[in-house]
Every structure is written in C-alpha cells, then in structure tokens.
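Notes follow the structure.
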Amino acid sequence: MGIEDAVREAIRSSFGIDYKEAIPLFRPKKPEFGDISTSVAFQLAKKVGSPPDVVSEKIARKLASRTEMFENVSAQGGYINFHFGKTFFSKLIKDVISGKLPSLIPKLSGGEYVQIEYVSANPTGPLNVVSARAAAVGSSLVNILKRVGYDVKGEYYLNDAGNQIRLLTESLEARIKQLQGEEAEVPKEGYHGEYLLDYAREAIDEGVPDDRLSDWILSRITSEIKETLERFGVHFDNWVSERELRSSGKVKKLVSELDKKHLVYKKNGAVWFAATSLDPKSEQDYVLVKSDGEYSYFAVDIAYHLDKFQRGFAHVWDIWGPDHHGHIKRMQLALRAFGYEKAFSVILLQQVNIVEEGKRRKMSKRRGELVTLNELLDEIDADVARFFFLDRRAGSHLDFDLDLARKESEENPVYYVKYAHARIRSIERLAKLRGITPGSIENLLEIPEFLHLARRVAEYPDIVARTARELEPHVLTDYLLALSRDFHHFYHVYRVITEDRERSGGMLSLVLAVAEVIKDGLALLGIEAPERM
RNA sequence: GCGCCCGUAGCUCAGUUGGAUAGAGCAACGGACUACGAAUCCGUAGGUUGGAGGUUCGAAUCCUCUCGGGCGCACCA
C-alpha cells in the first residue's frame with residue numbers, strides 16, 4: 001500500500017468520508033518537516049466542519065500506528081509530516097547497489113504500445129540546432145517512457161516528396177549551372193545555403209545525370225542526416241517515407257473516408273476539409289487536394305498519422321518545432337473525425353538561440369544562416385550538447401551558451417554530474433584495495449548530511465515517474481544536478497574510507513547508491529557516466 | 001486584427017500542478033588542498049514573482065484586464 005492509500009484509509013476511519021480526490025503529497029523544504037508531507041487537512045477542514053489543525057491531528061494519530069511504513073507521523077499547523085524509518089532507507093540503499101534500481105521505478109503503463117515521432121526535419125539540408133534539441137528530447141523520452149513500462153518506438157517522418165523537394169532540386173540545378181559557368185539563379189523560395197554548392201560540386205564530379213538529380217540529392221542529404229544523428233547518439237526504430245506514403249494509396253483512401261463522413265467539399269477547383277462543420281469554433285477549412293491535383297502537405301500528414309493508429313499505437317506523441325504550433329489544432333480536428341484525437345499529443349519545442357560572446361545568433365534554414373548539429377559536434381562533446389538541450393523545459397526558449405559549453409571545467413554543469421560519478425568510482429576503487437565492502441547504513445542515518453543524501457536517493461524513482469508524466473527531461477537533469485551537489489557537499493564534510501571499517505562500509509553503501517542513480521539517470525538521458533575523467 | 005507560448009535575482013533558468021520563510025547555476029566579492037580526485041567545497045551579496053484587480057484558510061501558480069517580448073494565422077512544407 002502506498003502513502004496515498006494509507007492517508008485515504010485514515011480519513012475514512014476518522015471521519016467516515018470516502019475521499020476520492022488526489023492526496024497532495026510533496027517534499028517539504030525543511031528537513032525537520034519530514035520526508036514527505038501532505039496538506040490534505042486544509043481541504044478536508046471545510047467538509048468535516050473543524051479547523052485544519054484538528055483534522056490533521058486526528059489523521060496523523062491514525063497513521064502513526066503504521067510502523068511498518070513510518071517511524072514518525074506528526075501534525076503541525078494543519079500539515080501532516082511523515083518520517084520514513086531506518087529499515088526503509090536500509091532496504092532502499094541495499095536494493096539500489098545490488099542492481100535492483102530499475103525495479104524500484106513506478107510502472108505507469110503495463111506495456112502500452114506507443115510512439116514518439118521526433119526530429120522529422122525535411123531532407124533539404126543539414127540538421128540545425130532546433131532539430132538537435134528535438135533529437136535530444138525525443139530520444140531521452142523514449143528511454144524514460146520505456147523505463148516506466150511503455151512499449152515505445154521512436155520514428156522519423158521523412159518529407160521526401162512535394163514542393164520543398166522540387167525547390168531543393170531546382171536550387172541544386174542552379175548551383176551546378178553556376179559552377180559550370182552558366183547563367184542561373186537559385187529560386188527565390190529555394191535553398192540558398194552554402195552547403196548546396198558543395199553538393200553541386202559532388203554531383204558534377206560524380207556525373208549525376210539530370211533526371212537522377214532529385215533522387216541523388218535526397219539520398220545524399222538523408223544519409224548525412226542519419227550519420228549526424230548517429231554521431232549524436234540518436235537511433236530511430238523506424239523511418240517513414242512521405243513518398244512511399246503518397247504512392248501507397250493511403251492518402252486517396254483518407255480523402256474518400258473523410259468524404260464518407262461528409263467532411264469534404266469542392267471549391268475553386270480544390271478539395272477542402274470542412275473543419276468548421278466538424279467544430280464550429282474552428283476558424284477555417286483546409287485544402288486537401290490543391291487545384292493542380294496535388295495533395296496538400298496536410299492531407300498527407302493526416303494519412304500518415306492515421307496510419308500510425310492503424311499500426312496499433314495506443315498513443316502518439318509528436319515533437320514539433322516552434323514554427324508548427326499553428327498545425328496542432330487542425331491535426332487534432334482531423335483525428336477527431338476518426339476518434340483518435342485523445343490518443344494524440346504534441347510536445348512543442350521552443351526556439352534555440354546560439355549565444356556566443358554574449359550575442360544571440362538567430363537561425364533560418366532557408367536563408368542559409370545556420371548552426372548545424374554537425375558544426376556543434378565538431379566543437380563540443382555530444383554529451384555536453386545533450387545535457388544543455390535537456391536542461392530546460394521544452395516550452396521555454398533555449399539560449400545555448402556556446403562559450404560555456406566549450407569549457408571543459410568549472411561552470412559546465414555536465415562535468416559537475418560526471419565528476420560526482422567519477423569521484424565515487426574512485427572511492428570504490430580505494431575501498432576494493434582496502435577490502436572494504438558495502439555495509440549497513442543504520443547507524444549512520446543520524447548524521448544530518450547522510451540522511452539528507454539518503455533522502456535524495458529515495459526521491460529518484462518518483463523523479464523518473466514525474467519526468468515521464470510531464471514529458472520533461474529537465475526534471476531529471478535538475479534532479480541529477482541537485483544529487484551531485486549534495487554528494488560533493490557530503491564528500492567535503494565526511495570521509496568515506498577510514499580506519500573504522502564498519503563505518504566505512506555504511507558510508508560506501510550510500511555513495512555507491514548515489515553513483516548508481518547518477519549512472520542510471522544519465523543513461524536515460526543518453527549520457528555516459530565515466531569511471532575516470 | 002485573431003490565436004498560441006513566455007515575463008521570477010545583473011544574466012540563464014527552477015519552483016513537485018494551489019501549500020510552510022520563492023530556489024539553483026553563472027557573473028561579483030571573500031575564504032578552503034599534510035587524508036578517498038580542488039572539474040570540488042564554504043561564506044557574502046542579490047527579489048514589489050512585469051503591473052492592477054479578483055477567487056480563498058493560502059496565489060509565482062487559477063480568472064479578468066493591462067503592459068512588454070517571441071511565434072503562428074497559404075491551394076509552402
């Protein structure tokens with residue numbers, strides 16, 4: 001039985017109320033308020049007609065008898081504070097250092113088959129830093145959702161068809177002509193980046209025939225994207241090609257199915273999706289088939305998302321860039337027509353600014369001003385880049401401080417966490433040398449710093465669960481920084497390996513548990529925990 | 001004009017979904033290596049949570065208005 005259920009039962013037996021709402025549990029800021037607290041008495045006060053402190057007193061008295069869970073339960077000014085017992089901490093630490101950490105993490109799903117689609121950048125140029133952020137967030141979330149029990153697949157949707165590809169090819173053709181001394185201009189709406197000049201040179205060298213140019217540039221850029229992602233430690237379970245989707249007949253089928261639902265009409269030579277009749281609040285209808293007979297991007301995208309659900313995914317998360325937020329509503333609407341609206345969510349990433357020498361550099365792929373992921377990885381470690389991308393809420397703008405990321409020391413937060421791990425492994429090596437093995441921590445829990453660190457370790461399973469629930473890896477990065485801080489502090493106050501072998505064993509147990517948690521947490525973020533630095 | 005996101009310490013950001021005295025890192029200043037790694041630690045300083053109302057035992061968090069910033073609003077993708 002969890003704490004929440006225990007509290008509920010105490011409420012029932014004290015007041016005869018079957019309390020169904022969530023029990024607000026939180027970690028108090030001050031250690032003397034216990035390991036975990038609840039403010040439920042404030043909510044109950046009105047219902048039972050007595051002041052919060054009386055209510056909390058009553059509940060606390062009931063819960064205090066649960067000695068198998070708590071060492072102490074007290075009511076203070078309406079709050080109820082719980083203190084875990086020594087046996088709780090002892091078992092926890094023992095479990096963590098004996099490899100049982102993954103099993104301690106709450107299961108939020110019993111193997112639901114779900115998908116995260118991320119990056120999905122058009123193969124019209126190298127991956128930029130927003131894609132890099134998506135890659136870091138997406139791949140971490142895949143790991144994290146797996147850990148809490150989902151059967152999750154990562155997918156990349158490759159827009160290898162349509163107008164942008166035509167523009168890409170035309171831009172390349174223009175570059176080739178320019179190199180051959182002919183008069184040619186890159187289309188105004190085309191791709192002006194320098195990288196196409198390099199590709200143009202290659203195409204000339206390889207003697208790629210004109211009618212193969214489009215396929216050639218696509219496969220060239222796509223394989224480069226794959227290489228870059230590999231370099232960044234990101235691997236997808238599946239790649240879906242827009243071109244194949246179009247030729248599969250699925251888009252045609254989609255339009256006719258929408259038609260059957262009376263959500264399609266013709267106007268001005270185009271075929272429209274009647275969003276406004278599906279939802280009166282919707283502002284406009286959207287084109288499915290353009291007057292030139294081509295499917296719109298939207299039509300193909302609906303077919304793609306429908307296909308995901310037909311492949312059996314119970315939930316689909318898309319990670320989209322800041323320029324796509326206008327598309328969320330219409331995709332939801334389209335999926336509503338098929339009953340999948342609630343099984344679909346978008347995680348919207350905000351912009352990334354590269355900051356160098358205190359100045360922001362804005363990026364635009366079409367204008368050709370960009371910092372690519374490859375360039376970034378030439379300069380800094382993939383682990384450093386990942387941590388920087390993950391150490392912020394997805395919804396907030398990210399200032400990527402390039403100068404800070406370059407620093408291999410001091411203020412770089414990644415090394416702070418890595419160093420904590422390496423330090424502990426170093427202690428472990430010394431312990432082995434002296435023949436000291438992990439021992440009981442029971443006698444050490446009275447040391448405030450020791451207890452504090454043990455509490456921090458105890459938080460980890462819930463932190464992973466929260467990260468998964470909120471789909472915010474930054475919850476985990478923040479925790480790892482806090483854990484590392486607590487460890488470094490502890491390290492300076494107490495020596496682990498001393499003449500007192502029994503005490504050393506207990507100390508060793510705790511710091512090894514810290515190392516295990518750091519290693520596991522970093523692994524979920526796709527970052528390595530080094531034995532030495 | 002309409003819609004979405006964001007305004008918290010000089011800077012970059014947290015704040016456990018409405019709880020106890022709003023916290024970190026960087027930058028600044030002062031200190032700590034004769035013991036497990038100084039990529040570390042300790043201390044000092046820094047705030048009208050953009051502003052004004054409202055909801056209640058209680059608001060950075062929820063509602064309304066307002067000011068400032070970002071991004072969307074194609075028969076482009």
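A quick note: this is a predicted structure, and the numbers were derived from the prediction, not measured. Within every chain, numbering begins at 1; the chains are lettered A, B, ... in the order of the sequence lines, protein sequences first and strands thereafter.
Only the P atoms considered, B/C71 is 30 Å distant from B/A27, to the nearest whole Å.
Taking the six-membered ring for Trp, A/Phe33 and A/Tyr79 have ring centres at least 6.0 Å apart.
Among the heavy atoms of the strands lying under 4.0 Å from A/Tyr491 is at least one base atom, whether or not backbone atoms are also near. As judged by a 4.0 angstrom heavy-atom cut-off over every strand, A/Arg425 is placed among residues making no nucleic acid contact. The residue A/Asp486 sits apart from the nucleic acid: no heavy atom pair falls under 4.0 Å. The residue A/Phe490 sits apart from the nucleic acid: no heavy atom pair falls under 4.0 Å. Residue-level contact check: A/Ile497 touches the bases, meaning some heavy atom is under 4.0 Å from a base atom. Base contact: A/Ala422 has a heavy atom under 4.0 Å from a base atom. Contacts of A/Asp301 with the nucleic acid, taken as non-hydrogen atoms under 4.0 Å apart, are absent. A/Phe33 comes within contact range of at least one nucleobase, with a heavy-atom separation under 4.0 Å. At the heavy-atom level, A/Ser37 lies under 4.0 Å from base atoms of the strands shown.
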**Request:** Quick one: the dot-bracket string of RNA chain B, using Watson-Crick and G-U wobble pairs with both distances under 3.5 Å, [ ] for crossing pairs and | for bases paired to another strand.
**Result:** (((((((..((((.....[...)))).(((((.......))))).....(((((..]....))))))))))))....
Under 3.5 Å between N/O atoms: give me all the protein pairs with nucleotides 15-18 of chain B, atom names plus distance.
residue : atom : partner  : partner atom : Å
B/G15   : OP1  : A/Arg393 : NH1          : 2.4
B/G15   : OP2  : A/Arg393 : NH1          : 3.4
B/U16   : O4   : A/Arg27  : O            : 3.3

Listed pairs, N/O of protein and of nucleotides 32-35 of chain B, under 3.5 Å:
residue : atom : partner  : partner atom : Å
B/A35   : O2'  : A/Arg495 : NH1          : 2.7
B/A35   : O2'  : A/Arg495 : NH2          : 3.0

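Using cut-offs of 30° and 60° on the angle between ring planes, the pair A/Phe400 and A/Phe388 is tilted. Taking the six-membered ring where the residue is Trp, A/Tyr479 and A/Tyr460 present tilted rings, their angle falling between 30° and 60°.
Applying the 3.5 Å distance criterion, the base of B/A20 shares a donor-acceptor pair with the side chain of A/Asn81. Side-chain to base pairing of A/His488 with B/A39: no donor and acceptor N or O lie closer than 3.5 Å to each other.
With distances taken from any side-chain atom of A/Tyr79 to the nucleotides B/U12, B/C36, B/A20, the minimum falls on B/A20. The nucleotide whose nearest atom lies closest to any side-chain atom of A/Tyr416 is, among B/C41, B/G37, B/A77, B/C41.
In the model, A/Asp318 has no side-chain atom that pairs as donor or acceptor with a side-chain atom of A/His324 under 3.5 Å.
Taking the 5.5 Å centre cut-off and the 30° plane limit, the aromatic side chain of A/Tyr419 is not classed as stacked on B/G37.
Within the 4.5 Å cutoff, side-chain heavy atoms of A/Val511 are placed close to those of A/Phe487.
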